[in-house]
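Nothing here was measured: the structure is a model prediction, and the numbers come from that model.
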Amino acid sequence: MSTNGKSSMVTINLDGNDVEVPAGINLVEAAGIHGTEVPHYCYHPQLSVAGNCRMCLVEMGTPMRDRATGEAVLDENGVQKIGWIPKPIIGCGTNVSPGMHIKTKSPMVTDSREGIMEFLLVNHPLDCPICDQAGECRLQEFATDYGRGYSRYVERKNVKPKRTKLGPRVTLDDERCILCSRCIRFCQEVVDDDVLGFVDRGSFSTLTCFPGKELSNNYSLNTVDLCPVGALTSTDFRFKMRVWFLKESPSVCTESSAGSNILVSSREGEIHRITPRRNDSVNDSWMTDSGRELYKQVKSDNRLLSASVSGNSLNLSEAISSAIDLLKGKNVGIVGSCRSSVEEQYLLNKLSKNLKAKKFLRGHFGDDDGILLSADRSPNLRGNLVTGFSNKYPSDVLPELAQALEKKQIDALIVVGEELSESGVDLDDVNIPVIFLGTHQNKTSELSTVVIPTLTSFEKSGSFINRNFRLQSFKQSVPGPAGLLPDLHIIVSLINGLSEDADQSSDLASIWKQMSKSTTNPLHGIVYSKIPGDGIQLDGAKWDSLPFVEKKALHFSPLKQTQSA
Amino acid sequence: MAKTVVLQRKPLSLSERTYLPQIVTGLKTTFSNMFKEKVTLQYPEEKPSIPKNFRGVPTLVKDPNGREKCVSCQLCEFVCPPKAIRITPGSVPEDEEDREHVEKAPQEFEINMLRCIYCGYCQEVCPEEAIFLQDEYSTSGYSREEMINNKAKLYELGGTLPDQHYKWDKKKIAEEEGNAH
Ligand code: SF4
Ligand code: SF4
Ligand code: SF4
Ligand code: SF4
Ligand code: FES
């Protein structure tokens, strides 16, 4: 193999067909690329290879060469003979090499898989009806493919601990564990928090936490997703809903600027869980435990569910028109949000241009864990830069706004979601109309003249730009509360109501047409519906000089030495 | 095409014109039945006997130890064609001694009898043999809500059925005695 680009592909023979695969990958991946599934349990593309489950056994042969001379050994037709290894080998631990032959469907391979399945099921409990993994269980799936349908085992099955609490969020059922060690490797390799291990031997091997430790890191729930069976279960999701009722929709985590790709599982408009979606350029297959809890905001008690003007509930359109009346002809200030979508920020910027409004922006910051929880605790700070809403790096206080209010330069304020008292702005004795757009109650919404409820990212579509300047779109997963409209509609009604000649559409496609027009903007030429599932990398070089707070983390390295905000 | 043949109607005979023989035959049947055994049931005072494989109202049953068998696996909810079943799964508290090893049980279980089509799929799919269509066939109510059988009602209708497996008993014995190591 040479190192130039072209020969980074090698040709192997997969079940009798010559196919091209990237050099250096293993046989499970190679077969997967060409649509042949090699069943596996312990292998995970983003963890080290352990090779302990033996489910991925395949037959392998290499072209024969004479030992003494190194000459190719030919058969009577002049074709190089294939030296088949007499025993099956594990596909996960074997990398492709040029000319390699693999059989994934031969009787020996099927036999091996059936044998492995029988052994795995020897001590396995008949728990499927009460097992949360049922429906997405690899053991169940391969048992239908390679199981014998009845058991030859007449002895009493091993009994192991059930309902073990490994940590605050993970419950372990040891009987179901197939000892694949994925969870152990995850803790060691990804989170660097070595807490899990096997004790005892043979069929008594039991997964457990090391004495005095617990699985409590902020990534513990990834072990639940990783676990091919129902051994590790989420204490929050446990026994709540069967997976076959859940509708999954792709979304992006809003916890921090890491922008983990997620799947939102809902049934009849109610979200039941959030799991990571694989994106090898952003979050691999992981996400934080804290990010999984965010769905609870959708139904939280302080959710804003109806519009109000001076404390009286009104319907949405009445509230919007009284907001328009209050804003007409005023010196408006707009407090944008790093939690709004790119499209909302673009429209808010447009609104502020039309009104010649002063713009303010606040950031939210926390500690960086160096994996998927970044110091910037808002999903879309960079969207404000790209859409032009802000050209400065926001801080978590707004002294300019406090000043402007004091000097009475502003006589009406639009606030998107922010809680101003936290950012050093006191609205208590400010006597100007405040229009609040947001999903949840806070001190600012209580002091606002007009409160317009908006939707959470689970209830609307849009896009965010993450810490890598990667543009990622999210789709509506569940319908919003009755009577509410997406933020875009509200901003559009403000735009259209406040300037006579404005004719802004709230349709995502047409907003994107406007946004992607300018050739100098990184969004140039992007069509919303064509944003791929794993996002588009934007060029953020223009903003290199800003003091971004994120530290080096999974798939992210800060371009310049960062200072803390 | 077949040719249409016009048939000539035969003239009626005297006995046919008076209907007398027919009336007499009819009366004979009527009178002979008056002296036969009664076959009509005085429903609803009298109830028919229901064959064993009859598909009546779906009910939840308990095992001979009086424990609920349903583990809220929700397979019946999934399979039910008219979506008559609604289950809220729940867990068995860890301190409930004779059931804690079962781990899972329904918090609420509702079957909407206005939707149910008595197909028996729920009984067929149940891995725990916990739901049976038994001999109850007449349900009525004054409101739609009344026609929804909740968990308490379903167990009341279901009662206890013999159980060959004693799965949970076996599980408990296994748990208590276990394979020593
Ligand atoms: S781990 Fe899979 S096979 Fe085992 S009980 Fe759970 S669903 Fe069934
Ligand atoms: S708990 Fe799950 S992931 Fe961990 S070793 Fe057992 S089967 Fe594998
Ligand atoms: S009998 Fe059929 S329709 Fe009725 S509850 Fe069962 S599955 Fe549903
Ligand atoms: S009745 Fe049977 S099928 Fe239905 S939830 Fe209970 S155990 Fe499952
Ligand atoms: S996947 Fe290859 S040995 Fe487990």
Side-chain angles (χ1 to χ4, degrees), chain A residues 122-137 140 143 151 153-165 171-176 198-206 208 230-231 233-247 267-268 270 272-273, chain B residues 60 63 67-80 83-97 99-110 122-131 165-181:
Chain A
V122 156
N123 276 306
H124 199 79
L126 287 171
D127 263 357
C128 301
I130 58 165
C131 177
D132 273 334
Q133 192 83 2
E136 53 179 13
C137 172
Q140 248 185 351
S151 176
Y153 190 71
V154 290
E155 290 79 11
R156 187 139 75 199
K157 292 193 176 204
N158 277 347
V159 176
K160 288 185 188 173
K162 288 174 106 71
R163 290 204 218 204
T164 314
K165 294 236 166 345
T171 307
L172 166 71
D173 187 308
D174 255 314
E175 285 184 350
R176 300 179 197 149
F198 293 131
V199 293
D200 294 338
R201 287 208 231 171
S203 56
F204 295 117
S205 293
T206 305
T208 180
T233 55
S234 152
T235 311
D236 176 40
F237 180 66
R238 195 172 155 90
F239 299 161
K240 293 277 159 62
M241 192 42 65
R242 307 298 278 178
V243 296
W244 51 77
F245 290 118
L246 300 178
K247 178 182 133 244
R267 181 186 185 197
E268 291 167 6
E270 190 178 341
H272 284 278
R273 70 167 178 188
Chain B
L60 288 177
D63 74 0
R67 292 178 302 197
E68 63 179 318
K69 292 172 86 179
C70 172
V71 295
S72 60
C73 73
Q74 294 183 290
L75 281 175
C76 51
E77 181 175 355
F78 183 70
V79 81
C80 178
K83 297 197 192 310
I85 303 181
R86 229 335 111 132
I87 299 168
T88 314
S91 54
V92 179
E94 233 163 308
D95 49 14
E96 198 167 311
E97 267 196 5
R99 278 204 317 148
E100 48 91 12
H101 56 286
V102 183
E103 296 186 80
K104 202 178 168 190
Q107 236 178 69
E108 190 41 270
F109 197 123
E110 287 180 345
C122 47
Q123 172 174 347
E124 190 174 320
V125 81
C126 180
E128 302 293 340
E129 302 189 357
I131 190 165
H165 312 302
Y166 290 98
K167 172 173 166 184
W168 298 121
D169 283 351
K170 284 187 201 152
K171 195 135 184 163
K172 181 151 199 183
I173 295 167
E175 188 167 279
E176 275 159 4
E177 301 179 5
N179 273 357
H181 70 288

Other residues, nucleotides, ligands: >12 heavy atoms within 6.0 Å of K165(A) NZ: yes
Donor-acceptor under 3.5 Å (D127(A) side chain, R176(A) main chain): no
Residue R201(A) versus chain B: region with a heavy atom under 4.5 Å: neither
Which of F245(A), F239(A), W244(A) touches chain B most, by non-hydrogen pairs under 4.5 Å: F239(A)
Contact winner vs chain B - K160(A), M241(A), E155(A), R267(A), heavy-atom pairs under 4.5 Å: R267(A)
Part of K240(A) lying under 4.5 Å from any heavy atom of chain B: backbone
Partner residues of V92(B) under the side-chain contact (heavy atoms from CB on, under 4.5 Å) criterion, sequence neighbours left out: R163(A), E96(B), R99(B), A105(B)
Output side-chain donor-acceptor pairs under 3.5 Å for residues 122-130 of chain B, partner residues at least two apart or in another chain, one line each.
| residue | atom | partner | partner atom | Å |
| --- | --- | --- | --- | --- |
| Q123(B) | OE1 | L133(B) | N | 3.0 |
| E128(B) | OE2 | K167(B) | NZ | 3.2 |
| E129(B) | OE2 | H165(B) | NE2 | 3.4 |

